[in-house]
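Okay, so here's the structure we're looking at.
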Amino acid sequence: MSPDPMSERFEKNRKKKQLDDLGLRHRSTEEVEAEDDAVRKAKEQRDKNPGKYQLKHRQEVGRNDPCPCGSGKKYKKCCGAEK
């Protein structure tokens with residue numbers, strides 16, 4: 001049985017958060033404040049024009065592409081098998 005993709009993502013995000021927290025400990029407060037300011041400005045810019053920052057969707061899913069349903073299988077073995 002393969003591992004649950006949701007738990008894999010949770011563990012990956014938890015490890016990333018831990019690394020980020022460790023990285024914050026070794027930076028000066030000015031650096032942290034500058035980064036927070038840059039993130040705030042980027043969010044404001046994104047809120048002004050949200051259409052510019054949306055991901056583009058592919059028109060068709062290829063036979064050997066991962067299935068868009070999130071199962072982790074190839075499209076031809078998952079939702080594409082029904083066609």
Any side-chain heavy atom of K12 within less than 4.5 Å of one from K15?
no
Check whether any side-chain heavy atom of P68 lies under 4.5 Å from a side-chain heavy atom of Y75, and answer yes or no.
yes
Closest heavy-atom contact between K74 and R63?
CB-O, 4.5 Å
K77 and K73 have their tightest heavy-atom pair at O-CD, 4.5 Å
Could E44 and R40 be called an ion pair, given the rule that one side-chain N must be under 4.0 Å from one carboxylate O?
yes
When you check the gap from the basic side-chain N to the acidic O, do D20 and K16 get nearer than 4.0 Å?
yes
From E31 atom CD to D36 atom CG, the distance as rounded to the nearest 0.5 Å:
12.0 Å
Applying side-chain contact (heavy atoms from CB on, under 4.5 Å) to K43 and R46, what does each step give before you reach the verdict?
CA-CA 5 Å; K43 285 181 181 180; R46 184 181 61 208; 3.7 Å; yes
